[in-house]
Amino acid sequence: SAPRPRSLRSSSPLARRGLCALCSMGRVDKEKKGEEDKKEKKGEEDKKEKKDEEEKEEKNGDEKADKAEGPEDPPIVKQLKEIDDKYLKLEREYERECHKLLLQYTEKQKPLLEERRELLQKVEGDAPKTGTPALSGFWLKAMQNHPAFEDFIQEWDEPVLDYLEDIERVLVDPGEDEEADVSKHFKLVFRFAQNPFFENEELTKDYNLVLANPYCGEVEVKAITCSTIRWKTGKDVTVERVGKKVKGGGAKKAKAKKSGKEEARPSFFRDFFRTLSHDVELTDDAREMAMDLANGDDEDEEDIDDEAMLAYLMDNDYEIGTALRDNIIPFAVRWYTGEASPEEDDEDDDDEEEEEEEEEDDDDEDDMPQRGRGGRRQPPPKKEGKKKGGHEEKAGEAPKEECKQQ
């Protein structure tokens, strides 16, 4: 007769343990997979719930903003705004196409700017070892002739800027990103020859901007990021050593100055290569500069908080950066020669003359004799002094005329 198949019960203990282990592993894997599926499902639910909450908050925020702005627009205004939005969308498309064209022509202009750089670096004879040996101080002079840099470059900055080889503007290519905000970001690259002041071969400034008001083209600066300058020992032109006041000759004063402490001073390399953002705390010298800018706008100092100071600094920096990007870099030689410098307006000269005359009138009023208690004018104070030649002039006596030989 045929042998009976062995049942699980009739199997050896070892075989039974092996089968049980396999069953157990299967159950564990199944349970583990079930837990992973639950976690994944819960994660998706959490994401969906979070997204719904964000959309709800955004909707509530928009509703609050609408209420804060005023009553709901009438139907005709809503229709007109819809037309505006469609027009603005086409405007954005137009700007993108213009920016693409700008990038194309920027590439075509690069060889010309490279040719300019090579020409400026040609060394003939005993030319000075600077960034532009062919025309020493080329970029320094070009910047100094632009109104944006008026009183911005200090005397102690000039020897450092003599080593400036080239300045390049780098525009952003948005690529295929249809949502990217074009022409709102650019970078400036300053290339230096080897110099005794700092280790960097390049210093960069990165401008991060957004369109604050699309209906008037207002741009808001979000952040300005600059390279950190690695100054060589004792060569940092942005600080000066200040010693205690001492009596004595030059040797004592020089010794006191050498042992004094370093203090910040105005400098192109301090004020222009300053990182500015809402996450960076303003230094004391930055606050002082912001206050000077605010005073130029006749702002009340009490109304200027840190946010306002940062806005002043960013706006001022952006104006200088765009002057380099749009004026100086493309047409540097015209700024070097001064041909591109705007001519002084006669009206500005007239205004300055009027201000000077008003100041003189104020001084004359200050010199007028003061009224006494009874309202009558008091005579001016009598002055006694010596005339040229050593003769004493008595009060009330008319000065004698000197004999002049022809």
Side-chain angles (χ1 to χ4, degrees), residues 106 109-122 128-172 185-209 221 223-232 235-239 265-277 286 289 313-314 316-336 340:
T106 298
Q109 291 166 337
K110 271 186 179 180
L112 297 173
L113 299 180
E114 181 63 23
E115 184 181 351
R116 178 181 70 185
R117 188 187 67 82
E118 291 174 357
L119 193 60
L120 286 169
Q121 290 185 355
K122 279 188 177 179
K129 293 181 179 180
T130 63
T132 53
L135 279 176
S136 185
F138 175 80
W139 289 103
L140 167 63
K141 192 172 180 181
M143 288 190 288
Q144 285 177 326
N145 285 337
H146 196 289
F149 288 88
E150 187 177 2
D151 302 326
F152 199 68
I153 298 173
Q154 308 300 327
E155 180 184 351
W156 40 86
D157 296 321
E158 295 180 7
V160 190
L161 288 170
D162 280 339
Y163 287 91
L164 182 56
E165 290 182 343
D166 194 29
I167 311 175
E168 181 188 358
R169 64 176 183 177
V170 180
L171 304 178
V172 174
H185 175 91
F186 67 95
K187 181 190 288 187
L188 298 174
V189 183
F190 293 72
R191 293 190 173 87
F192 285 85
Q194 286 188 351
N195 62 82
F197 297 97
F198 50 71
E199 303 289 347
N200 310 62
E201 292 182 1
E202 288 185 358
L203 296 177
T204 62
K205 278 183 71 78
D206 207 323
Y207 290 86
N208 187 2
L209 312 149
V221 186
I224 300 172
T225 308
C226 302
S227 299
T228 300
I229 304 176
R230 302 190 301 275
W231 294 100
K232 294 181 180 179
K235 295 295 184 178
D236 187 351
V237 299
T238 68
V239 296
R265 65 177 176 181
S267 168
F268 170 79
F269 292 94
R270 173 180 294 279
D271 300 329
F272 189 61
F273 289 98
R274 177 187 283 123
T275 294
L276 297 170
S277 73
M289 183 178 177
L313 291 171
M314 283 183 165
N316 183 66
D317 197 307
Y318 175 66
E319 286 182 12
I320 297 171
T322 51
L324 275 166
R325 182 192 67 184
D326 301 333
N327 304 151
I328 297 175
I329 293 175
F331 310 109
V333 70
R334 305 292 178 168
W335 290 99
Y336 172 82

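The heavy-atom pair separating G321 from Y207 by the smallest distance is CA-OH, 3.4 Å. Between E168 and I329, the closest heavy-atom pair is C-CD1, 4.0 Å. The shortest non-hydrogen separation linking M314 to L276 is CE-O, 3.4 Å. Across I320 and F149, no two heavy atoms sit closer than the pair CG2-CZ, 3.4 Å. Here the closest heavy-atom approach between residue Y318 and residue V221 is recorded as CB-CG2, 3.8 Å. Closest of all the heavy-atom pairs between G131 and A193 is CA-CB, 4.2 Å.
Expressed to the nearest 0.5 Å, how far OG1 of T204 lies from NZ of K187 amounts to 5.5 Å. Rounding to the nearest 0.5 Å gives a distance of 10.0 Å between CD of E202 and CG of D166. Between atom CG of residue L135 and atom OH of residue Y336 there is a gap of 4.5 Å, rounded to the nearest 0.5 Å. Between D326 atom CG and R169 atom CZ the span is 6.5 Å, to the nearest 0.5 Å. From K232, atom NZ reaches atom CZ of F198 across 9.5 Å, with rounding to the nearest 0.5 Å. Rounding to the nearest 0.5 Å gives a distance of 11.0 Å between CH2 of W139 and CZ of R191.
When atom types are taken as modelled, the side chain of S136 and the backbone of P133 share no donor-acceptor pair closer than 3.5 angstrom. Between the side chain of N208 and the backbone N or O of I224 there is no donor-acceptor pair closer than 3.5 Å. The main-chain N or O of T228 is found under 3.5 Å from a side-chain atom of N200 such that the two form a donor-acceptor pair. Between the side chain of T132 and the backbone N or O of E165, no donor-acceptor pair lies under 3.5 Å.
For F192 and Y163, the ring centers sit 6.0 Å or farther from each other. Two rings, from F269 and F197, have their centers 6.0 Å or more apart.
Between R265 and T238 there is no side-chain heavy-atom pair separated by less than 4.5 Å. A 4.5 Å side-chain heavy-atom check between W156 and S267 finds at least one atom pair inside the cut-off. Q194 places none of its side-chain heavy atoms less than 4.5 Å from the side chain of K129. A heavy-atom distance below 4.5 Å is found between the side chains of H146 and N327. Contact of the E118 side chain with the E114 side chain is registered, since non-hydrogen atoms from C-beta on lie closer than 4.5 Å. Residues L324 and F272 meet the side-chain proximity criterion, which asks for heavy atoms closer than 4.5 Å. Between L161 and M143 the shortest side-chain heavy-atom distance falls below 4.5 Å. Residues V239 and W231 fail the side-chain proximity criterion, which asks for heavy atoms closer than 4.5 Å.
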Stepwise side chain to side chain contact (heavy atoms under 4.5 Å, CB included) test for D157 and V237: CA-CA 7 Å; D157 296 321; V237 299; 3.8 Å; yes
For the pair H185 and L171, evaluate side chain to side chain contact (heavy atoms under 4.5 Å, CB included) and give the outcome as yes or no after the intermediate values. CA-CA 7 Å; H185 175 91; L171 304 178; over 6 Å; no
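A cation-pi arrangement is found for R325 relative to F186, the charged atom lying closer than 6.0 Å to the ring centre and inside a 45° cone about the ring normal.
No hydrogens or angles considered: nothing links the side chains of T275 and T225 as a donor-acceptor pair under 3.5 Å. Between the side chains of D162 and T130, no donor-acceptor pair of N or O atoms lies under 3.5 Å.
Ring geometry for F152 against F268 counts as perpendicular: the plane angle is over 60°, on a 0 to 90° scale with 30° as the lower cut.
In this structure, E201 places its CD atom where only 12 or fewer heavy-atom neighbours from other residues, nucleotides or ligands lie under 6.0 Å away. Crowding of R116 atom CZ: a count of heavy atoms from other residues, nucleotides or ligands under 6.0 Å exceeding 12.
Considering only residues two or more places apart in sequence or on other chains, L119 meets the side chain to side chain contact (heavy atoms under 4.5 Å, CB included) condition with K122.
A salt bridge links D317 with K205: the distance from a Lys NZ or Arg NE/NH1/NH2 to an Asp or Glu carboxylate oxygen falls below 4.0 Å.
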